[in-house]
Amino acid sequence: MSHFSPTAAVNYFFNYFLMKGVLVTIGLTIAAVIGGLILGMGIALMRMSSNPVLSGAARFYTWFFRGTPLLIQLVVIYSGLPQLGIKFSVITCALVGLILNEAAYLAEIVRSGFMAVSAGQREAAWALSLSPWVTFRRITLPQAFRLMIPPLGNSINSLLKATSLASVISVEELMRRSDMLMQEHFQILEVYAAATAYYLILTSVWDAIQRRLEKHFGRSSASKSKRAAARVPVAQASVEARA
Amino acid sequence: MSASLGNTAMATSIKGEMVQPKLRDVPAVRMEAVYKHYGEFTALNEIDLKVAKGEKIVVCGPSGSGKSTLIRCINHIEKHDEGLIYVNGTELDRQQKNIDAVRRDTGMVFQSFNLFPHMTTLENCILAPMTVSGMTKEEARDLAMHFLTKVRIPDQAEKFPGQLSGGQQQRVAIARALCMRPKIMLFDEPTSALDPEMVKEVLETMKKLAEEGMTMLCVTHEMGFAREVADRIVFMNEGKIVEQSAPEEFFNYPKSERARTFLDQIIH
């Protein structure tokens, strides 16, 4: 066959079997983001701790999971761990792998967000005798979160596409189901055109959500305070600068 | 609303005359042989200082002399390494409850304002009264509006810090600190980050506060303000208090060579 059939591509796009794969992709992404954020937040807090054991463990974690391919991590969890008697369902394997991997990236994003909140903000909170919890919840977190949104969006976009690696361990998400259709009908371009369209739609929807988030959390920052946020961490870093 | 700018017990200020504070009361601040090191660098070198209630102190000296470190140690934003610090009789040891007590007695104004940029002026002012002093939103709001009126910016209550001028931001910062009803106000170069035309409005606010009897420690290079408001000038160099005297004496007859060169450089 030496031609491309647009009708077939459209048919694949509306194929019920493929759509269910899209739902699995969305589900994997959302679960991995939530799990990754929770774990990543914990790792970021450990990393920022003054306890060398905690920060060392966090450093090792990010080094390990950012330093090895997600594909290897998934395969080891799926086919390697059973050798040690540890066995999960396919979907659990995929989730564990994605969450562990995503957490390593999100931890760095969370950490950089918190580090970009100026020392002066914490000092002002101390001077007002705000409790550590109020300081975190009302002062540091909202400011850090605003700074985290752009890199967070980037990471979630990557994650959405990285879920396709779970096809290798036979999770029937969008990529896997495309493969299955392709092997059945041998209309390679048509099937993958439909899958590509779905990935583009998903990433575009996420882009739109991210823009709204940025707008929502940036509403208080007139151009001035943005400049201040960029300037302050450097300005207050050196000890000799004050006194 | 009976809130006033700070404690009025010492409203009749003792400007000028008084060099050594009388100790008929517990001093507002007492520092004894205080040291602070940053690695090899000695930021504070055997500091002894007593500040009476209602007294206004201006701390000056060349950059790197330890002025900011000195006042930042008073509310434990900087932790001193050795020596004793008492604030209204509470010792700043490492106990959190004492640190909290001292911080509730002191208000601080920073060079870079340090307003919370994601909150409006009003939200900046009511956060601590609501979460620390346990006020209701209405009470905190009344209190905040009272002090925002005092610093003459009640009309900016709903604006975000990024929408205000530097002078306005610093006045909000003063109002925010006053909302916690501090007994002592610490100013860390409050006008150094301001454009020249905004310095005056902030200094006027501080003068008003001084007139109402607030105990004040102020690191500043504004010598006009020092002359007019201070009861005592504390001159620092290389982490030490080199001399302390009434403004008249300090400006006209500085005792140390270092103070003379310093004054020559800043008074043109």
Side-chain angles (χ1 to χ4, degrees), chain A residues 50 113-150 213-243, chain B residues 36 38-39 41 43-44 61 63-70 72 75-78 99-120 123-124 127-133 159-164 169 173 176-177 179-180 182 186 188-189 219 236 239:
Chain A
S50 51
F114 277 101
M115 282 180 26
V117 177
S118 80
Q121 293 288 306
R122 266 185 301 276
E123 290 174 1
W126 288 339
L128 289 168
S129 17
L130 299 181
S131 69
W133 170 245
V134 171
T135 304
F136 175 76
R137 172 74 192 73
R138 303 290 301 275
I139 309 299
T140 335
L141 185 63
Q143 292 187 60
F145 189 67
R146 187 168 63 83
L147 298 168
M148 283 179 223
I149 295 171
L213 281 176
E214 277 178 36
K215 215 169 164 188
H216 178 76
F217 285 94
R219 73 193 187 287
S220 61
S221 61
S223 55
K224 239 180 184 175
S225 58
K226 252 183 215 156
R227 237 187 300 141
R231 157 171 59 82
V232 162
V234 191
Q236 298 211 329
S238 95
V239 170
E240 287 93 325
R242 64 169 77 109
Chain B
K36 169 76 189 171
Y38 297 115
F41 181 73
L44 294 181
S63 81
S65 60
K67 327 181 276 291
S68 287
T69 310
L70 175 93
R72 289 160 62 91
N75 63 352
H76 208 68
I77 279 180
E78 216 77 72
I99 295 170
D100 288 342
V102 166
R103 284 180 179 162
R104 268 196 293 276
D105 274 356
T106 50
M108 186 167 230
V109 175
F110 300 87
Q111 178 176 354
S112 48
F113 324 137
N114 294 350
L115 292 176
F116 306 130
H118 57 302
M119 296 182 187
T120 64
E123 287 165 347
N124 263 278
L127 179 62
M130 285 178 68
T131 63
V132 182
S133 318
K159 290 211 177 139
F160 287 99
Q163 299 168 311
L164 303 180
Q169 288 191 56
R176 180 177 72 175
C179 282
M180 289 304 283
L186 307 170
D188 187 2
E189 305 208 27
V219 174
M236 293 185 69

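Every chain is numbered from 1 and lettered A, B, ... according to where its sequence line falls, protein lines coming before strand lines. Predicted model only: the values in this text are computed from it and were never measured.
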Student: Taking all non-hydrogen atoms of both residues into account, name the closest pair between A:Arg138 and B:His118 and its distance.
Tutor: O-NE2, 2.6 Å
Student: Look up atom CG in B:Asn114 and atom OG in A:Ser118, then write down how far apart they are to the nearest 0.5 Å.
Tutor: 5.5 Å
Student: Which pair of heavy atoms, one from B:Val132 and one from A:Leu128, lies closest together, and at what distance?
Tutor: CG2-O, 3.9 Å
Student: Closest heavy-atom contact between B:Ile77 and A:Ala127?
Tutor: CD1-CB, 4.0 Å
Student: Find the distance between OG (B:Ser112) and CD (A:Gln121) and round it off to the nearest 0.5 Å.
Tutor: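 With rounding to 0.5 Å, OG (B:Ser112) is 9.0 Å from CD (A:Gln121).
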Student: Is a side-chain donor or acceptor of A:Gln143 paired with a backbone partner of B:Phe116 at a separation under 3.5 angstrom?
Tutor: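 No, because the side chain of A:Gln143 does not come within donor-acceptor range (under 3.5 Å) of the backbone of B:Phe116.
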Student: I need the minimum non-hydrogen distance between A:Ile139 and B:Met119, along with the two atoms involved.
Tutor: CD1-CE, 3.7 Å
Student: Given heavy-atom pairs under 4.5 angstrom as the criterion, report whether the side chain, backbone, both or neither of B:Leu186 touches chain A.
Tutor: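 Nothing of B:Leu186, per the 4.5 Å heavy-atom cut-off to chain A.
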Student: Please set out all donor-acceptor pairs under 3.5 angstrom arising from side-chain atoms of residues 101-111 of chain B, sequence neighbours excluded.
Tutor:
| from | atom 1 | to | atom 2 | distance (Å) |
| --- | --- | --- | --- | --- |
| B:Arg103 | NE | B:Asn75 | O | 2.9 |
| B:Arg103 | NH2 | B:His76 | O | 2.7 |
| B:Asp105 | OD1 | B:Lys183 | NZ | 3.1 |
| B:Asp105 | OD2 | B:Asn88 | ND2 | 3.2 |
| B:Thr106 | OG1 | B:Val102 | O | 2.9 |

